[in-house]
Amino acid sequence: MDRKFKDKLIITAAITGSRILRDTTPYIPYTPEEIAGSALECWNAGASIVHIHVRDPETGLGTQDLELFRQVVEPLREETDVVINLTTSGIAARNLSFEDRLKSLELRPELASFDAGSINLGKGVFVNPPDFLDLAAETMKRLKVKPEIEVFDSGMIVTAVQMRNEGKLADPLFFEFVLGTPYGAPATPKSLVYLSEIVPENAIWSVTGIGRAHLPMSMMALAMGGHIRVGMEDHVFYKKGELAESNAQFVERIVRIAREYGRDIASPDEARGILEFQRERG
Ligand code: ZN
């Protein structure tokens, strides 16, 4: 791998999330087969990371059911070399214990989401208290799962850096800025510039914009040397008034723009190098 690979663009596809239902878009993947199939298409299109939630077959909402995660992860491990990022959010499932939220880690994904603080999210509260963060960090460290530190507001960077200083998180930190949520940091150029300036110098960052903010945020990241997340977890319209029919459409568009711009796309192994994974593929 040449040194230049560090400048390449990592595209993450966030396949389904936990909250957008079929009444919003009929194209959102629900079943493990649909989720794995969509992830496979995104990998084919150029995504090096897939961020995975699974859905309760009854309610359609997110669940942390280990068996459902397994049904997504196993075919992806067999058929692709994509980096698998499993959620620990448990946000749409009710009354989950901390341990239940971390169930997905038993599959030892290379990455898992680590939401570095609590925040209002729509009408609810996304609860990530310090004792949960300590348990999540400790479990990820033990299982050699790299945290994808999701940041909804600037204090979450302060939290992650503090935990790094205490030896709970390891360098280089990998941040995912999730901008434009109700009621987190706005998805504006100034907001992204600010957040990218307060992460540690050796940190790696990626950004996703909620709803129509995804394109301006992607373009900013392309130019600033950051990385990009797209997908139906965060936005369902391909353009104004037109629903995306697949996640791959979003990945394909970023690949086309990046090529035209002159920034190469990182392969999964190059993404592993950029993120400095400390373990063999799993
Ligand atoms: Zn997620």
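Residue numbers start at 1 and run along the sequence shown. Computed from a prediction, not measured in an experiment: that's the story for all the values here.
Taking 4.5 Å as the limit, some side-chain heavy atom of L61 sits within range of a side-chain heavy atom of L21. In this structure the side chain of L192 reaches within 4.5 angstrom of the side chain of F177, judged on heavy atoms. Counting heavy atoms from C-beta outward, I119 and D153 have side chains that approach closer than 4.5 Å. Taking the side chain as every heavy atom from C-beta outward, V251 and V230 approach each other to under 4.5 Å. The shortest side-chain heavy-atom distance between I198 and Y194 falls under the 4.5 Å cut-off. Contact of the E110 side chain with the N85 side chain is not registered, since no non-hydrogen atoms from C-beta on lie closer than 4.5 Å. Side-chain contact between S206 and I10 is absent, with no heavy-atom pair separated by less than 4.5 Å. Here the side chains of N165 and V161 are in contact, with some heavy-atom distance below 4.5 Å.
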- request: Show your working on side-chain contact (heavy atoms from CB on, under 4.5 Å) between M140 and L169 and close with a plain yes or no.
  value: CA-CA 9 Å; M140 290 190 200; L169 297 175; over 6 Å; no

- request: Any chance you could lay out the side-chain contact (heavy atoms from CB on, under 4.5 Å) test for M156 and I149, step after step, and finish with the verdict?
  value: CA-CA 9 Å; M156 298 188 186; I149 302 164; over 6 Å; no

message: Assess the residue pair Q71 and F69 against the criterion (side-chain contact (heavy atoms from CB on, under 4.5 Å)); give the C-alpha distance rounded to whole Å, side-chain angles, the decisive distance to 0.1 Å, and a yes or no.
response: CA-CA 5 Å; Q71 290 170 30; F69 276 112; over 6 Å; no

message: If you apply the rule side-chain contact (heavy atoms from CB on, under 4.5 Å), what do you find for I157 with F175, and how did you get there?
response: CA-CA 8 Å; I157 296 174; F175 289 96; 4.2 Å; yes

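When atom types are taken as modelled, the side chain of H235 and the backbone of M232 share no donor-acceptor pair closer than 3.5 angstrom. Judged by distance alone, with hydrogens and angles left aside, the side-chain atoms of K103 form no donor-acceptor pair with the main-chain N or O of T88 at under 3.5 Å. Looking at T24, its side chain never comes within 3.5 Å of a backbone N or O of I20 through a donor-acceptor pair. Between the side chain of Q249 and the backbone N or O of S246, at least one donor-acceptor pair lies under 3.5 Å. When atom types are taken as modelled, the side chain of E78 and the backbone of P75 share no donor-acceptor pair closer than 3.5 angstrom. Checked by atom type and distance alone, the side chain of K146 pairs as donor or acceptor with a backbone atom of L275 at under 3.5 Å. Without hydrogens or angle criteria, S191 side chain to A185 main chain gives no donor-acceptor distance under 3.5 Å. Here the side chain of R108 pairs a donor or acceptor atom with the backbone of L143 at under 3.5 angstrom.
S97 pairs by the side chain to side chain contact (heavy atoms under 4.5 Å, CB included) definition with E99, D100, not counting sequence neighbours. Residues forming a side chain to side chain donor-acceptor pair (under 3.5 Å) with D81 (at least two apart in sequence, or on another chain): W43. Shown here are the side chain to side chain contact (heavy atoms under 4.5 Å, CB included) partners of A221, two or more places apart in sequence or in another chain: W205, V207, I228. Take F277 and apply the ring-ring contact (aromatic ring centres under 6.0 Å, His included) test, not counting sequence neighbours, and it matches no residue. Taking E245 as the reference, nothing meets the salt bridge (charged side-chain N to carboxylate O under 4.0 Å, His left out) condition, with sequence neighbours excluded. Evaluation of the salt bridge (charged side-chain N to carboxylate O under 4.0 Å, His left out) rule for R101 yields no partner, not counting sequence neighbours. Listed by chain and residue number, Q162, K168 satisfy the side chain to side chain contact (heavy atoms under 4.5 Å, CB included) test with E166 (two or more places apart in sequence, or in another chain). Scored by the side chain to side chain contact (heavy atoms under 4.5 Å, CB included) test, A14 finds H51, R229, E233, D234 as partners (sequence neighbours excluded).
Here L40 contributes atom CG and I15 contributes atom CD1; the two are 10.0 Å apart, rounded to the nearest 0.5 Å. In this structure, the separation between CD1 on I35 and NE2 on H53 is 9.5 Å, given to the nearest 0.5 Å. Distance check, rounded to the nearest 0.5 Å: CD1 of I52 to CG of L111 gives 11.5 Å. Within the model, atoms OG1 of T159 and CZ of R164 stand 13.0 Å from one another, a figure rounded to the nearest 0.5 Å. Here the straight-line distance linking atom CE of M219 with atom CE of M217 works out to 10.5 Å at 0.5 Å rounding. Note that CG of L173 is 8.0 Å distant from CD1 of I204, once rounded to the nearest 0.5 Å.
In the hydrophobic cluster analysis, where Ile, Leu, Val, Met, Phe, Trp and Tyr join through side-chain heavy atoms closer than 4.5 angstrom, V199 is grouped apart from I274. When hydrophobic clusters are built by joining Ile, Leu, Val, Met, Phe, Trp and Tyr residues whose side-chain heavy atoms come closer than 4.5 Å, directly or via intermediates, Y261 is grouped together with V255. Taken together through direct or relayed side-chain contacts under 4.5 Å among Ile, Leu, Val, Met, Phe, Trp and Tyr, L133 and F126 form part of one hydrophobic cluster. Hydrophobic clustering places F132 together with V151 (ILVMFWY residues linked when any side-chain heavy atoms are closer than 4.5 Å, directly or through intermediates). Two different hydrophobic clusters hold V50 and V236 under the rule that ILVMFWY side chains link at heavy-atom gaps under 4.5 Å.
Taking the centre and axis of the six-membered ring of Y238, the NZ or CZ atom of R253 falls inside the cone set by 45° and 6.0 Å.
Annotation: ring pair (Phe, Tyr, Trp, His ring centres under 6.0 Å) contacts involving residues 8-35, sequence neighbours excluded, are absent. Among residues at least two apart or in separate chains, there is no salt bridge (Lys or Arg N to Asp or Glu O under 4.0 Å) pair with a member in residues 39-57. Sorted by first and then second residue, the salt bridge (Lys or Arg N to Asp or Glu O under 4.0 Å) pairs with a member in residues 13-29 read R22-E34; sequence neighbours excluded. Screening residues 111-120 for side-chain hydrogen bond (donor to acceptor under 3.5 Å, both in side chains) gives T87-S113 as the qualifying pairs, with residues at least two apart or on separate chains.
With ring centers used as reference points, H227 lies 6.0 Å or more from F174.
Environment of CD in E242: crowded, with over 12 heavy atoms of neighbouring residues, nucleotides or ligands closer than 6.0 Å. In the displayed structure, F237 atom CZ is contacted under 6.0 Å by more than 12 heavy atoms of other residues, nucleotides or ligands.
Counting all heavy atoms, side chain and backbone alike, L121 lies closest to I91 at CD2-CD1, 3.2 Å. Nearest approach of S104 to P109, heavy atoms of both residues: O-CD, 3.8 Å. Nearest heavy atoms, F114 versus P147: CB-CB, 3.7 Å. Between L105 and A112, the closest heavy-atom pair is CD2-CB, 3.4 Å. Smallest separation of non-hydrogen atoms from L76 and A36: CD2-O, 3.7 Å. Across all non-hydrogen atoms, the minimal contact from A258 to L9 is CB-CD2, 3.8 Å.
The pair R70-E67 meets the salt-bridge criterion, with a side-chain N (NZ, NE, NH1 or NH2) lying under 4.0 Å from an Asp/Glu carboxylate O. The pair E276-K6 meets the salt-bridge criterion, with a side-chain N (NZ, NE, NH1 or NH2) lying under 4.0 Å from an Asp/Glu carboxylate O.
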